[in-house]
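First the structure, in the form of structure tokens, and then the observations on it.
Note that the coordinates shown come from a computational prediction; the quantities given were computed from them, not determined experimentally.
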Amino acid sequence: MEVLASSSATSTSPHFTFYNPRRPSSFTFKPSIVSQVYPWESFPVRIIESRLLCRISCIRTNVNGSGFCGSSDAICKKDFLFHPLCRLSKSFTSQSGCFAINHGCPCRFRIYSSNLQKVMSHSEKLRQHVSFVFVRLVAAMLLVTSVSFAVSNEPSWALSEENLLFLEAWRTIDRAYVDKTFNGQSWFRYRENALRTEPMNNREETYTAIRKMLATLNDPFTRFLEPEKFKSLRSGTRGALTGVGLSIGYPNKSEGPRTGLVVISAAPGGPANRAGISSGDIILEIDNSSTESMGIYDAADRLQGPEGTSVELTIQTGPEIKHLALTREKYSLNPVRSRLCEVPGSEKNYPKIGYIKLTSFNQNASAAVKEAIDSLRSNRVNAFVLDLRDNSGGLFPEGIETAKIWLDKGVIVYICDNRGVRDIYDTDGSTAIAASEPLAVLVNKGTASASEILAGALKDNKRAVLFGEPTYGKGKIQSVFQLSDGSGLAVTVARYETPAHNDIDKIGVIPDHPLPNSFPKDEDGFCGCLQDSGSACNVNNVQLFSR
């Protein structure tokens, strides 16, 4: 039997004609439940769901035509709802039209339709019930999982005082360190592994764990400072040190293969000065440790220490080697020494040169430079020489302030991180006091950190001519952080570029001209070389200030 549905353009409601080819009789009825042909979007949800569950075979017809669906099913099965029925077609008209239903039992269409609606109603209730139960089950599982996860994240032991100190150091690096990849490792995973595996039963073991953690960054300038070293560092930046009164650096290449560290100067009246150590002497050993491959930072740490303690030095003065035991004392550190050099026979070419030796950038640095400039100007100097050789740096702000003394305007330094330029330090000339006189700057491989920032700013702004050798190449900036037990961390917080956007890290600032190999590093020797035109270290004062 076939079921045929059709409608006409003038009809307001569809009619159904049931036709059985075996019995050539037909009848027509108008369902009372349908008053008009609904567009697809207005079908009730229940009918849409029944279509999704049933495969209804449909064809599209014109409003004046008819549709026909055929079926090979000849027998109606009682389990009608549990077998595939017809296929759903998407060929409904937008406003009116016909659809055909094909099955082998037209006489039971009303019954099956009624049963279908009942089953769909029960299915809806069952689905809602099952959905509600399923949601509750999923919520319960998520709750149990989250609680288990939270519990698993908590350490199975109580954090000790040593663990907390380690975590304090870890957080300091996490927040401040310039490289947010932490040398290509998971910083959080390192923390968890360290808390589980590193022994931290006493303070010394905790310090060892912190040093081991910092070593994974592969950054020689990010380092741990025990309480005494941290205290010494802070006092050094304030202009006072406890040590033997030595300023040290690397020997010049002209002096042959390196055999140790060279004495730049000995503080007047200090322990080293009283023992006869002077500029140019070579330190071969510190407390029986060779200085042949020792860095100046490591050597400085060894020379400093608590007041009243002693340090043993092996010193070479010319061919003579002597062993000395010096007692550390607290002494004031003046970072600036100056001298007026008068060059005879050069009345037209800078006859009076003001020499300023800047040894470090402590809290007194910029003020001391200003004081030296004022003093030399009272003697009517014609030009200045700023000696930054073996100045290993110090306080970054003091380096910036010293640059402002010499510049009338311009960028001093760009502060950068992994994403590019983060900050710019510049000057408008409001604090400049020596922006016009000719200026030469002396640098060497002992010139590092804040002194490289100053040298790069003066060179790139064409304020000064640089003489010497490439600087150390420390293009990173450190900040010092104190931990709760009095120890501290020196942490690399940024890198910098010169005003010409040169990244000097591991390259250094390149000078404009070299210096003679035998050029001295003290103020008296400097003046002697300028005054004696026949000496091997002589530099013509005109060449000194020409580009």
Side-chain angles (χ1 to χ4, degrees), residues 221 233 236-239 241 243 245-252 261-267 279-280 295-301 303-304 333-339 354-373 384-406 412-413 439-459 463-478 490 496 498 504-505 508-511 515 519-523 525-526:
F221 302 109
L233 177 65
T237 60
R238 292 171 181 168
L241 285 172
L246 283 177
S247 176
I248 60 175
Y250 298 107
N252 289 334
L261 297 172
V262 65
V263 174
I264 304 302
S265 63
S279 178
I296 58 175
Y297 297 105
D298 186 16
D301 286 341
L303 291 173
Q304 299 174 18
L333 179 63
N334 186 354
V336 171
R337 298 193 303 273
S338 61
R339 170 78 181 268
Y355 174 86
I356 299 175
K357 175 77 172 179
L358 180 57
T359 59
S360 66
F361 288 93
N362 60 23
Q363 289 184 351
N364 304 324
S366 60
V369 170
K370 289 180 180 180
E371 183 178 346
I373 291 173
F384 289 101
V385 171
L386 178 63
D387 193 348
L388 298 177
R389 290 175 296 171
D390 296 301
N391 182 329
S392 59
L395 296 177
F396 171 78
E398 285 298 306
I400 299 298
E401 291 303 315
T402 304
K404 291 180 179 180
I405 293 173
W406 305 97
I412 298 173
V413 67
L439 175 64
V441 177
L442 311 183
V443 296
N444 67 356
K445 63 181 177 181
T447 304
S449 192
S451 57
E452 289 179 286
I453 292 177
L454 175 58
L458 296 177
K459 178 187 177 182
R463 174 64 184 90
V465 183
L466 265 62
F467 285 82
E469 60 184 353
T471 62
Y472 183 84
K474 184 175 178 289
K476 304 276 179 59
I477 298 174
Q478 283 72 40
Y496 66 84
T498 68
I504 69 164
D505 195 45
V509 178
I510 310 301
L515 279 173
F519 202 82
K521 293 183 178 180
D522 63 285
E523 59 269 31
F526 170 81

Legend entry - Closest heavy-atom pair and its distance - Glu452, Gly473: OE2-N, 2.6 Å
Legend entry - Residue pair Ala372 / Val336: nearest heavy atoms and the distance that separates them: CB-CG1, 3.9 Å
Inset, instruction - Can you see which heavy atom on Arg389 is nearest to which on Pro520, and at what distance? - result: NH2-O, 2.7 Å
Inset, instruction - Provide the closest heavy-atom pair for Ile504 versus Thr498 in the form atom of the first, atom of the second, distance. - result: CG2-CG2, 3.7 Å
Legend entry - Rounded distance (nearest 0.5 Å) linking atom CZ of Phe519 with atom CG of Asp387: 8.0 Å
Inset, instruction - Kindly give the heavy-atom pair with the smallest separation between Asp522 and Gly525, and that separation in Å. - result: OD2-N, 2.8 Å
Inset, instruction - Mark yes or no for whether Glu469, through its side chain, and Lys445, through its backbone, hold a donor-acceptor pair below 3.5 Å. - result: yes
Legend entry - Asp390/Lys521 under side-chain contact (heavy atoms from CB on, under 4.5 Å): CA gap, chis, key distance, verdict: CA-CA 9 Å; Asp390 296 301; Lys521 293 183 178 180; 3.0 Å; yes
Legend entry - Euclidean distance, Ile453 CD1 relative to Ile477 CD1, rounded to 0.5 Å: 4.5 Å
Legend entry - Stepwise side-chain contact (heavy atoms from CB on, under 4.5 Å) check, Thr359 with Arg337: CA-CA 8 Å; Thr359 59; Arg337 298 193 303 273; 3.9 Å; yes
Inset, instruction - For the pair Lys459 and Ile510, evaluate side-chain contact (heavy atoms from CB on, under 4.5 Å) and give the outcome as yes or no after the intermediate values. - result: CA-CA 9 Å; Lys459 178 187 177 182; Ile510 310 301; 4.2 Å; yes
Legend entry - Over all atoms of both residues, closest heavy-atom pair of Ala450 and Leu395: CB-O, 4.1 Å
Inset, instruction - Working to the nearest 0.5 Å, report the span between OG of Ser366 and CD of Glu371. - result: 11.5 Å
